[in-house]
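Working notes for the structure below.
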Amino acid sequence: MTGERTRVAMGGFGAWGQMHARAIGAIDGAEIAAIFCHGERSEKAAAELFPGVPRYRDYEAMLAAGGFDVVSVTAPNHVHSRFAVAALEAGAHVFLEKPMGLTLAECDAVIAAARRTGRQVTLDHELRVSGQWGAIREVVARGEVGRVRYQNFTLFRHPFRPGSGGWRHDPERVGSWILEEMVHFYDLVLWYARENGLPAQVRAFGEPAGEGLVANFGTLLEWGDGSTAFLTQTLAGFEHHTMLELAGTDGAVRTWWSGAVARTLTPEYELKVLRRGRTEAETVAIPKSGEVFELEENLRRAFVAFRENRSPLPPEEAKQSIAVCLAAEEAHASGRPVVPEF
């Protein structure tokens with residue numbers, strides 16, 4: 001990187017890759033330097049949106065050409081790890097979409113490559129920088145609700161769209177629908193309960209929707225100290241709605257978010273906190289909340305961190321939520337509690 005300038009190569013240019021590119025374009029000092037397009041549709045979109053930027057149909061050829069500081073990986077899930085490792089070995093920092101990999105071995109490959117090359121990787125768990133979801137961690141960290149004892153997180157939404165070439169409905173490419181979206185919520189509940197350590201076991205149940213895919217799904221995370229987190233997901237609903245109830249030894253939090261789609265610019269939401277020593281909950285003001293806003297902020301923070309050669313969310317920590325996802329998949333398949341392999 002040169003001074004405050006960050007040149008970004010796009011490792012994918014589907015719908016979400018185009019969202020990344022628009023967010024990068026809104027960040028002072030950041031620019032799109034190259035675009036990998038996996039097909040004709042994405043190449044046409046790149047030509048229209050960024051006509052002066054070099055386009056490549058071969059990812060390795062883009063990396064070999066150089067001229068960038070960061071690679072933003074937004075391709076389908078099954079290539080995340082491979083694309084990240086290749087970008088690191090090309091000398092770039094990596095802003096990596098979740099999940100980091102479909103297996104723990106793929107996650108370990110990213111971690112090893114980052115250590116070997118001295119480059120940084122951060123995961124796009126954008127909810128961490130949210131004025132809504134991130135604020136909950138600040139409340140917990142300040143001790144305003146005491147030690148976290150109970151969490152209940154629900155997702156009610158419309159079915160997943162197929163994605164380019166149907167990858168989101170293909171277990172070989174998506175991994176699972178647990179890895180596709182619930183990984184965000186596992187990341188949050190682990191983050192909120194950081195002081196409790198890592199969960200000791202995972203239970204799961206749900207209704208199969210094809211090989212490796214579960215549309216109606218629930219998991220129970222249990223810690224050694226008796227604290228719990230219960231997470232449920234249905235992909236048979238409508239619109240996009242999330243809700244979290246969190247109770248600590250000395251207070252509680254309740255928050256919800258609701259929109260026609262996850263990427264809406266006009267959602268509804270609320271955050272209420274019952275703080276230590278209070279008898280009534282207060283409503284916390286949130287200027288805006290939603291993944292469209294949070295993506296831009298997460299990219300901005302990542303670019304600042306990369307210039308300082310650090311990661312806002314290192315892959316070692318991001319691996320923890322993958323471990324829970326995989327344990328939940330195994331628990332669902334086996335019908336038995338599973339100990340995550342952290």
Side-chain angles (χ1 to χ4, degrees), residues 1-25 27 29-103 105-124 163-165 167 172-173 299 302-303 305-311 314-315 318:
M1 295 184 178
T2 303
E4 299 298 308
R5 184 168 172 244
T6 302
R7 301 167 300 170
V8 184
M10 298 302 305
F13 207 69
W16 192 232
Q18 291 168 39
M19 291 292 294
H20 272 239
R22 292 187 184 95
I24 291 164
I27 298 172
E31 62 184 52
I32 305 298
I35 302 174
F36 162 66
C37 309
H38 70 280
E40 293 182 5
R41 182 179 298 180
S42 60
E43 185 167 13
K44 180 180 179 182
E48 292 175 353
L49 293 170
F50 298 95
V53 174
R55 300 183 299 278
Y56 299 84
R57 292 291 290 271
D58 183 280
Y59 181 68
E60 284 72 22
M62 181 184 74
L63 296 181
F68 49 83
D69 310 295
V70 176
V71 175
S72 179
V73 176
T74 60
N77 297 350
H78 69 297
V79 299
H80 283 185
S81 175
R82 177 167 63 86
F83 275 27
V85 169
L88 291 164
E89 292 178 341
H93 300 297
V94 175
F95 187 88
L96 180 58
E97 266 302 326
K98 54 72 198 167
M100 179 164 51
L102 302 188
T103 65
E106 289 186 358
C107 295
D108 288 339
V110 175
I111 292 168
R115 292 174 179 173
R116 183 172 64 249
T117 62
R119 301 288 85 186
Q120 299 294 332
V121 178
T122 194
L123 272 290
D124 186 28
S164 178
W167 72 267
E172 293 296 319
R173 289 182 286 173
L299 283 159
F303 296 160
F306 289 162
R307 285 194 289 270
E308 299 170 354
N309 201 32
R310 60 181 179 84
S311 171

Quick one: side chains of residues 31-41, donor-acceptor pairs under 3.5 Å with protein atoms, not counting sequence neighbours, listed by atom name and distance.
| from | atom 1 | to | atom 2 | distance (Å) |
| --- | --- | --- | --- | --- |
| Glu31 | OE1 | Arg5 | NE | 3.4 |
| Glu31 | OE2 | Arg5 | NH2 | 2.9 |
| His38 | NE2 | Ser164 | OG | 3.0 |

* Asked: Given Leu88 and Arg116, is the side chain to side chain contact (heavy atoms under 4.5 Å, CB included) satisfied, shown in steps?
  -> CA-CA 9 Å; Leu88 291 164; Arg116 183 172 64 249; over 6 Å; no
* Asked: When you look at Thr122 and Leu96, which way does the side chain to side chain contact (heavy atoms under 4.5 Å, CB included) test go after all the steps?
  -> CA-CA 6 Å; Thr122 194; Leu96 180 58; over 6 Å; no
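Not counting sequence neighbours, the partners of Asp108 by the side chain to side chain donor-acceptor pair (under 3.5 Å) test are Lys319.
Annotation: the span from Trp167 atom CH2 to His78 atom NE2 amounts to 9.5 Å, rounded to 0.5 Å. Rounding to the nearest 0.5 Å places CD of Gln120 at 13.5 Å from CZ of Arg307. Annotation: the span from Thr6 atom OG1 to Phe95 atom CZ amounts to 12.5 Å, rounded to 0.5 Å. How far NZ of Lys44 is from CZ of Arg55: 12.5 Å, rounded to the nearest 0.5 Å. Phe303 CZ to Ile27 CD1: the interatomic distance, rounded to the nearest 0.5 Å, is 5.0 Å. Here the CD-CG distance, from Glu97 to Asp124, works out to 4.0 Å after rounding to the nearest 0.5 Å.
Taking 4.5 Å as the limit, every side-chain heavy atom of Val53 sits out of range of all side-chain heavy atoms of Met10.
Looking only at distances, a side-chain donor or acceptor of Ser311 sits under 3.5 Å from a matching main-chain atom of Val121. Side-chain atoms of Asp69 come within 3.5 Å of backbone N or O of Arg7 as a donor-acceptor pair.
The minimum heavy-atom distance between Tyr59 and Gly11, with the atom names listed, is CE1-CA, 3.9 Å. Here the shortest heavy-atom pairing between Ala87 and Leu63 reads N-CD1, 3.8 Å. Nearest heavy-atom pair across Arg119 and Asn309 is NH2-OD1, 4.4 Å. Residue Phe13 comes nearest to Ser42 through the heavy atom pair O-CB, 3.3 Å, listed as atom of the first residue, atom of the second, then distance. Taking both residues in full, the closest heavy atoms of Ser81 and Ala109 are given as OG-CB, 4.1 Å, listed atom of the first, atom of the second, then distance. In this structure, His80 and Lys98 approach most closely via the heavy-atom pair CE1-O, 3.0 Å.
Using a 3.5 Å distance cut-off with no hydrogens or angles, the side chains of Thr74 and His20 do not pair a donor with an acceptor.
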